[in-house]
Amino acid sequence: MTPNNIFKIENLEKKYGERKVVDIKNIYVNNGDFFVIVGPSGAGKSTFLRLLKYLEEPTNGDIYFEGKKLSNPLDVNIQRSISMVFQRPEFLKRSVFENVEFPLWIRGKKDNEKVEKVLGQVDIGNLIREKTSSLSGGELQRLALARAMVVDPKVLLLDEPTANLDPYNVELIEKIVLNLNKAGKTIVMVTHNVFQAKRLASSAGLLLNGKLVEVGSADTFFNTPKDARVKDFLEGRMVY
């Protein structure tokens, strides 16, 4: 693994029973990259992210993070270096502030200034004392992003972070994650939204039936794909 690689994946497989949902041979994610995986529903995108976070163990194959092979139990320093924002995040039935403070609290830290800073970055600083039950869908998703950001991870994993949100929140969240990436944060995101992927990605791939059929720079992937299935997907034709 070269110093520029933050993730290295070798012969990665995940099976549920006899069904193989992820089957990825050999890929790298570079440090500072904004890597976006597109694909239809059921392609294995969310499972792939859960494997990177090691919420699930591979059936076969290996994942390396900064040269270290992931295994169970996951090294606490690696665990804390990777934050994930789920498509349907769960929250404490407490205030906005307490939800963002919680990841720091479980690490034995207290930093009110940092909590307030990240809430400002996601534009919900005015809701700091509100209960999560009073927030809109877009506000909740930005809260989930703030909760992931507050621990300053090396990598952010984003699972369809703007699914079913209004255009205002989509634009705002895209701006937030782009700024994080420009500041040096590595981001791996999955989405079915090709247009969003084109706006954000520095590199991209198509996941189809658990397989990455093509991976490349954003320019090459979106403008001159080699695989006909990528072209079909990007042009809106149904892919199975």
Side-chain angles (χ1 to χ4, degrees), residues 2 4-16 19-53 58-61 63 84-87 141 155-167 169-171 173-178 180-182 185-240:
T2 69
N4 199 39
N5 299 139
I6 197 161
F7 278 114
K8 178 183 177 183
I9 292 151
E10 293 184 338
N11 302 312
L12 183 65
E13 292 184 359
K14 181 63 181 180
K15 292 181 179 180
Y16 298 123
R19 180 170 169 250
K20 189 183 293 186
V21 294
V22 171
D23 183 11
I24 296 174
K25 298 307 177 188
N26 298 289
I27 64 166
Y28 299 90
V29 177
N30 287 329
N31 192 31
D33 200 2
F34 200 131
F35 180 44
V36 180
I37 295 177
V38 296
S41 297
K45 302 188 301 297
S46 296
T47 302
F48 174 66
L49 285 190
R50 291 178 64 85
L51 289 167
L52 291 186
K53 178 63 176 166
T59 306
N60 293 298
I63 302 170
M84 183 167 173
V85 177
F86 298 89
Q87 186 175 347
Q141 200 65 8
V155 178
L156 268 177
L157 307 177
L158 306 177
D159 188 359
E160 300 274 8
T162 62
N164 304 315
L165 296 184
D166 61 274
N169 276 288
V170 171
E171 182 178 4
I173 288 173
E174 287 184 1
K175 182 179 178 181
I176 293 165
V177 296
L178 270 176
L180 289 170
N181 181 243
K182 289 174 181 177
K185 199 76 66 187
T186 302
I187 296 178
V188 182
M189 186 178 91
V190 301
T191 181
H192 65 275
N193 188 324
V194 171
F195 301 104
Q196 181 175 68
K198 289 180 75 172
R199 289 193 295 269
L200 299 177
S202 59
S203 61
L206 172 65
L207 194 67
L208 196 61
N209 297 321
K211 296 179 182 289
L212 271 174
V213 299
E214 185 172 341
V215 177
S217 70
D219 181 62
T220 300
F221 181 84
F222 291 110
N223 296 313
T224 56
K226 297 179 178 65
D227 194 297
R229 292 169 294 178
V230 176
K231 187 175 181 181
D232 286 343
F233 185 82
L234 296 178
E235 293 179 357
R237 290 188 285 272
M238 189 61 69
V239 176
Y240 295 94

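Computation of the quantities below employed the complete heavy-atom set of this structure, encompassing side-chain atoms and omitting hydrogens, waters and symmetry-equivalent molecules.
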Give a yes or no on whether the backbone of Ser217 and the side-chain of Ser203 come within a donor-acceptor separation of less than 3.5 Å.
no
May I ask you to check whether over 12 heavy atoms, not counting those of Asp227, lie within 6.0 Å of atom CG?
yes
Check the pair Ile24 / Leu207 against side-chain contact (heavy atoms from CB on, under 4.5 Å), numbers first and verdict last.
CA-CA 9 Å; Ile24 296 174; Leu207 194 67; 4.1 Å; yes
Compare all side-chain heavy atoms of Pro40 with those of Phe233 and state whether any distance is below 4.5 angstrom.
yes
When rounded to the nearest 0.5 Å, the distance separating CG of Asn26 from NZ of Lys8 is 7.5 Å
With a 4.5 Å cut-off on side-chain heavy atoms, are Glu214 and Arg229 touching?
no
Does the Thr186 side chain pair with the main chain of Val155, one donor and one acceptor, at a distance under 3.5 Å?
no
Minimum heavy-atom separation for Arg199 and Glu174, please, with both atom names.
NH2-OE2, 2.6 Å
Could you check if a side-chain atom of Val38 sits within less than 4.5 angstrom of a side-chain atom of Thr191, using non-hydrogen atoms only?
yes
Hey, what do you get for CG (Leu156) to CD1 (Ile187), rounding to the nearest 0.5 Å?
5.5 Å
Do the non-hydrogen side-chain atoms of Asn5 and Asn30 ever get within less than 4.5 Å of each other?
yes
With rounding to the nearest 0.5 angstrom, report the CG to NZ distance, Asp23 to Lys14.
13.5 Å
Less than 4.5 Å apart, side chain to side chain, heavy atoms only: is that true for Asp33 and Ile6?
no
Kindly give the heavy-atom pair with the smallest separation between Ala201 and Phe222, and that separation in Å.
CB-CE1, 4.3 Å
Write down the atom of Ser46, the atom of Asp159, and the distance for their closest heavy-atom approach.
OG-OD2, 2.8 Å
Heavy-atom count around Lys226 NZ within 6.0 Å, excluding the residue itself: above 12?
no
Taking the side chain as every heavy atom from C-beta outward, state whether Gln196 and Met189 have any pair of such atoms under 4.5 Å apart.
yes
When rounded to the nearest 0.5 angstrom, what distance separates CG in Leu157 from CZ in Phe35?
11.5 Å
Are there more than 12 heavy atoms of other residues, nucleotides or ligands under 6.0 Å from atom CZ of Phe195?
no
For Gly32 versus Asn181, what's the shortest heavy-atom pair and its separation?
O-ND2, 3.1 Å
So how far is it from Asn169 CG to Asp166 CG, rounded to the nearest 0.5 Å?
4.5 Å
Looking at side-chain heavy atoms only, is the closest gap between Asn11 and Lys25 below 4.5 Å?
yes
Is Gln141 reaching over with its side chain to a backbone N or O of Pro161, donor-acceptor style, under 3.5 angstrom?
yes
Donor-acceptor contact present, side-chain Lys45 to main-chain Gly39, <3.5 Å:
yes
How long is the straight-line distance from CZ of Phe48 back to CD1 of Ile27, given to the nearest 0.5 Å?
4.5 Å
Given side chains that start at C-beta, do those of Lys182 and Phe34 come closer than 4.5 Å, heavy atoms only?
no
